[in-house]
Amino acid sequence: MQKIFFEIQIDTTPEKVWDVLWSDMTYRQWTTAFTEGSFYMGTFEEGSIMKFFDPNNNGMYSRVEKNIPHQEIKFLHLGEIYNGVETERNWGEATEAYILQETETGTILKIEIQTPEEFREFFEEKFPTALGIVKNLSENQL
């Protein structure tokens, strides 16, 4: 399992950053960095299952391990979805956490990922672009 960290300073409140991350419309915008047409289904309540899809309805499903609104959300990735069929994967503690820390000038958004080696390069390539979009959307929202 590989641990990867990303961080970006965003010049607005944690509430605005959180809304950009998890509101349906803006989620679809910043996740274009990974796959154009990405979307999710489910609720962000602790213990609930979230499903993350590409435009072909393939993707992955995860359990919400922690949700402290405007501060932190953590997902445990459980498996993949292909053609509507969920397949559990033995990824161990494959997690993805979004941590927001308020500063004097805005918010530091930290991403902490534990991932199998096979996904490391993908995350390292795509996450900086995604965070740039989150920053732009957050700072330019009314």
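Just so it is clear, the model here is predicted, and its values are computed rather than measured.
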May I ask you to decide if [Y]'s main-chain N or O and [X]'s side chain share a donor-acceptor pair within less than 3.5 Å?
| X | Y | value |
| --- | --- | --- |
| N136 | G132 | no |
| S48 | T43 | yes |
| Y40 | W22 | yes |
| N67 | E45 | no |

Query raised in the report: Will you find, in the side chains of E96 and Y98, an N or O donor that is under 3.5 Å from an N or O acceptor?
Result: yes
Query raised in the report: Does any donor atom in the side chain of Q2 or E117 lie under 3.5 Å from an acceptor atom in the other side chain?
Result: yes
Is [X] atom [atom1] crowded by more than 12 heavy atoms from other residues, nucleotides or ligands, each under 6.0 Å away?
| X | atom1 | answer |
| --- | --- | --- |
| N90 | CG | no |
| M41 | CE | no |
| Y82 | OH | no |
| E121 | CD | no |

Report task. Measure centre to centre between the rings of F122 and F127, then say whether the value is under 6.0 Å. Result -> no
Query - Close aromatic pair by centroid cut-off 6.0 Å: F75 and F52 - result: yes
Query raised in the report: Should Q29 and L137 be marked as a side-chain contact (heavy atoms from CB on, under 4.5 Å) after you check the CA-CA gap, both sets of side-chain angles, and the distance that decides it?
Result: CA-CA 9 Å; Q29 292 176 302; L137 290 169; 3.6 Å; yes
What distance separates [X] [atom1] from [Y] [atom2], expressed to the nearest 0.5 Å?
| X | Y | atom1 | atom2 | result |
| --- | --- | --- | --- | --- |
| K110 | I8 | NZ | CD1 | 13.5 Å |
| T12 | L109 | OG1 | CG | 12.5 Å |
| H77 | T95 | NE2 | OG1 | 7.0 Å |
| N58 | N83 | CG | CG | 5.5 Å |
| R28 | F39 | CZ | CZ | 6.5 Å |
| W91 | E118 | CH2 | CD | 8.0 Å |

**Report entry** Test side-chain contact (heavy atoms from CB on, under 4.5 Å) applied to V17 and T13, L21, V20, the passing residue
**Finding:** L21
Requested in this report: Quick one: do E46 and K66 satisfy salt bridge (Lys or Arg N to Asp or Glu O under 4.0 Å)? Show the steps, please.
Outcome: CA-CA 5 Å; E46 283 187 19; K66 184 179 205 177; over 6 Å; no
Hey, does [Y] have a side-chain heavy atom less than 4.5 Å from the side chain of [X]?
| X | Y | value |
| --- | --- | --- |
| I73 | F44 | yes |
| F53 | S38 | no |
| P14 | T107 | yes |

Query - Salt bridge present between R63 and E65 (N-O < 4.0 angstrom) - result: yes
Query raised in the report: Does the distance from a Lys or Arg side-chain N to an Asp or Glu carboxylate O, for E112 and K74, drop under 4.0 Å?
Result: no
On a heavy-atom basis, which atom in [X] and which in [Y] lie closest, and how many Å separate them?
| X | Y | value |
| --- | --- | --- |
| Q114 | M1 | C-SD, 3.8 Å |
| Q9 | D11 | NE2-OD1, 3.5 Å |
| H70 | L100 | O-CB, 3.7 Å |
| T35 | P55 | CG2-CD, 3.9 Å |
| G92 | L76 | O-CD1, 3.8 Å |
| F123 | T115 | CE1-OG1, 3.5 Å |

Query raised in the report: Where do E124 and I4 land on the side-chain contact (heavy atoms from CB on, under 4.5 Å) test, with the steps shown first?
Result: CA-CA 8 Å; E124 288 178 338; I4 311 169; 4.2 Å; yes
Query - T26 vs D19, side-chain contact (heavy atoms from CB on, under 4.5 Å): CA-CA, chis, key distance, verdict - result: CA-CA 8 Å; T26 49; D19 288 345; over 6 Å; no
Query - Test side-chain contact (heavy atoms from CB on, under 4.5 Å) applied to N57 and I81, step by step - result: CA-CA 8 Å; N57 291 317; I81 305 168; over 6 Å; no
Connected via hydrophobic side-chain network under 4.5 Å: [X] and [Y]:
| X | Y | value |
| --- | --- | --- |
| L131 | F119 | yes |
| Y27 | F6 | yes |
| I113 | V134 | yes |

